[in-house]
Each structure stands twice: as C-alpha cells, then as structure tokens.
2 protein chains.
Amino acid sequence: MIDILQMRYFVALAETLHFGRAAERLHISQPPLSRQIANLEKELGVRLLERHTRQAALTYAGRRFLEDSRAVLASFDQACRNARLADGGDLGELSIGFMMHAAHTVLPGLTRRFMASHPQVQVELREVVPNALADAVLTGRFDAAIMFNPGPVRGLDAHAIFREPLCLAVHARHPLAGREGIQAHDLVDERLIAAPADVAPTLREAVVGFCRLGGFEPTVRLEAQLQQTIVSLVAEGLGIALVPQSLRKMGVADVVFRDLQEAPTIEHVVVWRPGNLNPALRPFLSEAGIVPRQK
Amino acid sequence: MIDILQMRYFVALAETLHFGRAAERLHISQPPLSRQIANLEKELGVRLLERHTRQAALTYAGRRFLEDSRAVLASFDQACRNARLADGGDLGELSIGFMMHAAHTVLPGLTRRFMASHPQVQVELREVVPNALADAVLTGRFDAAIMFNPGPVRGLDAHAIFREPLCLAVHARHPLAGREGIQAHDLVDERLIAAPADVAPTLREAVVGFCRLGGFEPTVRLEAQLQQTIVSLVAEGLGIALVPQSLRKMGVADVVFRDLQEAPTIEHVVVWRPGNLNPALRPFLSEAGIVPRQK
DNA sequence: CGATCATGATACCGAAAGGGTATGAATGAA
DNA sequence: TTCATTCATACCCTTTCGGTATCATGATCG
C-alpha cells in the first residue's frame, strides 16, 4: 500500500534528482530509498523517474505526481498541526451568548483580548434575553454566557468578572433629578421600574434589598427585561429605576442618572458547563481571569 | 511516524464511532485498530475520541482532524490517480504549433476529437510562421506541429495526415477567371506569387514542378509566407498564385479560384520529436491516425 | 581504448511494526 | 448481582523497513 512515507521520499528525490543525496537528506541510506521508490512506482504502475547514470530526470507523470505530492504533504502536515491547535483551543469555534447589557461593559474588551490571542478561533457572539442564557449554555447552544449572576444553577459553573454599583435613573423633571446624596428612604412612594425576578434575580434582589435598608418595601408595577428598555420607560416618565451604572454611557434624552449613597452593586458572571469539552473554552475563561478547576 | 494508514483507520472509526464495526469495514480485527488509533493519538499528542462503554464520541480536536483527514485522503488518492492518468496521457498538457493554413483544414477536427477523448488534457494551440515550427518542436517548445511537409528533418519524425490539390487563384477580371480546364502551359508569362522555398519547400516545389511540366520555368517576383497573404496580393492584382484548395473557403473579394488539370498536391504533416516523453503525445498522434513506432 | 569512478540496484540481515488470537477490565443493561 | 458489550492489553507470527556489503552499468579520463 502506498503511504505518506513513500511520498516524502519521492519528493526529496525529485528535488535532488540524486538517490544518494536524497537519502542523506532523509537520514537514511541509499538502498532503502531506491527500494521505496521502486515500490512506489510498482504500486502506482507508473515510472516516475528516468534513471540515467549521471542523473535522474522526472517523467511527465513524475512531474505531475511531484506537484500533487507536495500539496498532499502540506495538507497532511497541516492536518496534524490543526489537531494539536484545536486541542489546545487555538483553533476552532467558540460561541458566546450574552445579555445586551454586557455589550456595554465587559464583552467588548474580553472579546477583543481573546480574539487577539487566539486569531484562529472563530468567535460567535449572540445577544439573548437573560433568562434564556442559562438554558442555552446547558443545552450546548453556547460554550459560555455573560449575564447577571443568576445564582447557583445546577450543571453550570459561574465566575464573577465584573461588579458595578447601581445608580438612580429619573426623568429630568423629577424632583430627585437635582439632588445629591440620595439615600434609600428618598425613594419611598416612588413608582419603581425593574426587571422581573425570574429574569435577573440578583439584580432584583439588589434593588429590593436597597429599599428595605431604607425601611420600606418597594412596589414594582412595571417590569421589563432589558435595562435599556427600563431607561426608556424612565424617559417616558413612567417611573424611576435603579440601573447598573454603565448605562450612563447611553445618551437618553430626558433621563438623569444620580449616584446613590451606599449603592448596591450587581455582578456580571461568566457561566459555562463544566463538562464542555470545547478546548477553546479554557483559554476564553483564562482571558476572563478565570482559572477553571480541573475536572 | 504518523502515516496515511492511521488516517484511513481514524476516518473509518470516526464515521462509525465503533471500533468493532470500523475494524470490520477496514477488513482487520479490532485490536490492531485500537492500537493504531492509540498510536495516532499518542503521536499527535491529542485525544481524538472519548471512549465510553456504549459508544465513542469525537472530541473537538477529533472533529477537526476528521474534516482535515477526509480532505487529505481525497487529495492523496487523487494524486495517485493523477499519476496514472498523466502516465497514460489522459491528464496533462499538450502544446501544438501549427501554420495558419492548418486552422482552415485539419486542425479544428483533430483538436476537437482529441479534446473530446482527453478532456483532462490542457491543449495549447499556437500559430507560428511555418519555417519556425520545426525548430520549435526540436527545442521542445511544442510537443507536435502541423505544417506543410518540410522534407526530412534530422531529429524529427513526420507523418502525412492530409493531402489537397492546389488550385489557381486569379483576380476576377483576369483572362483566366472564366476558363475551364486550365493547364500548366496556360500560366506562361504570368506573374506568380508564391511562398519562399525556405519557408515551405514542398509547396514551392509543387508550384515550380507543375510549371515545368507545362514546359516553362516560372518567375516568382513576389513572395509571402502565408497563403492568406498571397491570396490578398492576388486580390490586389499583383499576380496569380497556386494555393491549396481549402483557401477557397475564405471569401476574398475579387479573387476567383479555378481547378487545374493534373493539379499538383500538397501534404500536411504532423511532426514530433521521437524522444518526446509527454504521454499525451501518443494519443494525440493516434487521434491523427498515426501509430508511432515504439522506440 | 581500457582503467577508474560515480551511481543506482540487489542480496541479505537484524530490528521494528503490523495484524491476528486470546483474554482482561470497565460499564451499562437486565 | 449477573450478563453482555466494548475497548484495551498481551503475546505471537509475518511483513516491512533500514542498514551493510556488493554488483552492474555507463560516463570520464589518461
């Protein structure tokens, strides 16, 4: 059976046109090379070289086979390299799901760093409403997701990568719009807009907990999943909200953001399935500052 | 060393995900397959499959290696087939030089037949002034050439493939334009236009010989290499000419072609270098009706 | 024109690798 | 728990590979 070894020998021979020197280059002696080439010609049923006493010359078929062999050897070696690269997470695909909010905070930098250090990994980024993210990671739809901390989820590992304080978002003509040093009890009787507890439980908990510290139980009569939506609702005068500070970067007309005294904080986490065997996941987590524990 | 055999084994295994069935498909028993895969993984330094009791599953790196391996195997097998095809003259390049006149006679049909029976041979056709053709074949510029018979040329084989009578080309207002049964002696005192003897010796010989049979020695005061040029000169009233009959197909205003009694004939030959080892040359010659003698 | 040299082929030997059979270990199913 | 399935391991034999020694051939040179 013809194998890659004979092709390597043939290419070396075709490039030197000299059995002795080709053998030397291959770190073998001349007779095995002669025999391998003879075997190759026999199995192909094709004469590849004309042997003359002083030098050998490729036949037409030999020239063709040389070109093809070079291409085969290159792709063969590449295949082996690729397997090692893929195994090391340096080649392949990585699919990341994230809540919209992350696009304004950690996602851009993290993605840029990972892509720079792993140029051969195809990265798929996909925005998803937060409550679908955990399931999507569990089913394998995503290799990892970036979201507000959902609390412990069975089958998922999570690691905090970012923490930011909440701030108050009010309409520009709201009485609190000009106030400094706003505290929890200043929000008594305000109509609060917040994300549903099932979508972002820790965020909701932070909002509610802050109010309780101010001595009252907040009433939330309007809910929206996305922080950006909540800000828009504030702009429309439908209420006030406690939102992550990074939303200030969004320019929204008629909305004023104010710092809070003893502001609660909200955490971004990366979540992943510990059983996920995509080798590109580990370097991604490393880039996020996470050293996953060995299984 | 990793070789093509292990790749074949791996692809079979990856496609069945079952050592026993893959081994069966490869016509070997299961233990050698296990060992070869283990060797492959060891040499790559990469785990390609997760072995579970009930079924195996490819790792990420394994999936990548499967894709690459399929491509490598395909190109490997293709390289072997190509060598055989090239050796048989069914794949490669063939370069044919020809005098312009052949484009009106044998070249189109011959080329069409050869290309139809050898679709994978790249054919290069190149028009050349006739006296350069023999040298171009000798130097290897062309694998073969089609031309008027140049007589014996050292180092070239030649074989006739077409013979056509010459006819008379005269201006439409020439006295001979209306004559039938024109004979050689009717051309006495005419100004003849012909190709130089060094360009097309047999053609020139045919013209001169015909005149001698009519009892006179022709005077040629105007020469041109190409038959088409000669016909144009006839159209301009610069003289008359004996040209191959197939030039009648050219529509040239003011030129009339007349049959000759006992018309001389001119031969097209294919010439080639017997030492030319391009395998595509033999089938080309066969297509031209030539069975080259074995060297 | 014969001696010499360079080159590739051939013969033979020991080592390595491949495939086969027998069997063991692990794990999911009954 | 027992059984069946599946892959890994152990061991043997054959094939193949590479190495050394040597031969055949043809070009070069005195």
Side-chain angles (χ1 to χ4, degrees), chain A residues 1-59 61-62 65-66 69 73 76 80 275 277 295, chain B residues 1-59 61-62 65-66 69 73 76 80 275 277 295:
Chain A
M1 187 63 75
I2 303 169
D3 69 358
I4 211 83
L5 187 71
Q6 294 170 312
M7 262 194 185
R8 286 191 202 283
Y9 284 9
F10 171 71
V11 170
L13 176 58
E15 286 175 354
T16 59
L17 294 176
H18 189 291
F19 282 73
R21 277 187 281 281
E24 194 176 345
R25 201 170 101 178
L26 292 166
H27 307 296
I28 61 173
S29 60
Q30 170 262 318
L33 176 60
S34 284
R35 195 179 41 188
Q36 290 291 6
I37 298 297
N39 284 347
L40 176 60
E41 287 182 323
K42 187 175 158 197
E43 301 207 58
L44 283 174
V46 172
R47 192 148 197 78
L48 297 172
L49 297 113
E50 301 287 332
R51 280 84 155 171
H52 304 108
T53 311
R54 280 293 159 192
Q55 68 180 14
L58 288 176
T59 62
F65 194 63
L66 174 60
S69 293
L73 290 174
F76 181 90
C80 296
L277 294 173
K295 286 216 324 169
Chain B
M1 188 62 75
I2 302 169
D3 69 358
I4 210 83
L5 186 72
Q6 294 170 313
M7 261 194 185
R8 286 192 203 282
Y9 285 10
F10 171 70
V11 170
L13 176 58
E15 285 175 353
T16 59
L17 294 176
H18 189 289
F19 282 75
R21 277 187 281 281
E24 194 175 346
R25 200 169 103 180
L26 293 166
H27 308 296
I28 61 173
S29 62
Q30 169 261 318
L33 175 61
S34 283
R35 195 179 40 190
Q36 291 291 7
I37 298 298
N39 285 347
L40 176 60
E41 288 182 324
K42 187 176 158 195
E43 301 207 59
L44 282 174
V46 172
R47 193 150 197 77
L48 297 171
L49 297 113
E50 300 289 330
R51 280 85 155 169
H52 304 107
T53 312
R54 282 293 159 193
Q55 68 180 15
L58 289 174
T59 62
F65 194 62
L66 173 60
S69 294
L73 290 174
F76 180 90
C80 297
L277 293 172
K295 287 217 324 167

Practice item. Decide yes or no on side-chain contact (heavy atoms from CB on, under 4.5 Å) for Phe65(B) and Val46(B), but give the supporting numbers first. Key: CA-CA 10 Å; Phe65(B) 194 62; Val46(B) 172; over 6 Å; no
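On the nucleic acid side, DNA chain C has its first and last nucleotide under 4.0 Å of a heavy atom of chain B at dG18(C) to dG28(C), going 5' to 3'.
Shown here are the salt bridge (charged side-chain N to carboxylate O under 4.0 Å, His left out) partners of Arg47(A), two or more places apart in sequence or in another chain: Glu41(A).
Taking atom CG on Leu33(A) and atom C1' on dT16(D), their separation rounds to 16 Å, with Å as the unit. Note: CD (Gln30(A)) to C1' (dG18(D)) measures 12 Å, nearest angstrom.
In this structure, Ala22(A) and Thr16(A) approach most closely via the heavy-atom pair CB-OG1, 3.3 Å.
For the segment residues 36-51 of chain A, residues with any heavy atom less than 4.0 angstrom from an atom of DNA chain D are, sorted by number, Gln36(A). Only Leu5(A), Tyr9(A), listed by number, bring a heavy atom of residues 2-9 of chain A to less than 4.0 angstrom from any atom of DNA chain D. A heavy atom lying under 4.0 Å from DNA chain C marks the following residues of residues 11-29 of chain A, by number: His18(A), Phe19(A), Gly20(A).
One finds the CG atom of Leu58(A) at 8.0 Å from the CG atom of Leu48(A) (value rounded to the nearest 0.5 Å).
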Counting only pairs under 3.5 Å, give me each side-chain donor-acceptor contact of residues 25-35 of chain A, with atom names and distances, residues two or more places apart or in other chains.
from	atom 1	to	atom 2	distance (Å)
Arg25(A)	NH2	Glu15(A)	OE1	2.7
Gln30(A)	NE2	Ser34(A)	OG	3.0

Using distance only, find each side-chain donor-acceptor pair of residues 2-14 of chain A under 3.5 Å and give its atom names and separation, not counting sequence neighbours.
from	atom 1	to	atom 2	distance (Å)
Asp3(A)	OD1	Leu5(A)	N	3.3
Asp3(A)	OD1	Gln6(A)	N	3.3
Gln6(A)	OE1	Asp3(A)	N	3.1
Gln6(A)	NE2	Gln36(A)	OE1	3.3
Arg8(A)	NH2	Asp77(A)	OD1	2.9

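Counted within 6.0 Å of CD on Gln55(A), heavy atoms from surrounding residues, nucleotides or ligands total 12 or fewer; the atom is thus considered open.
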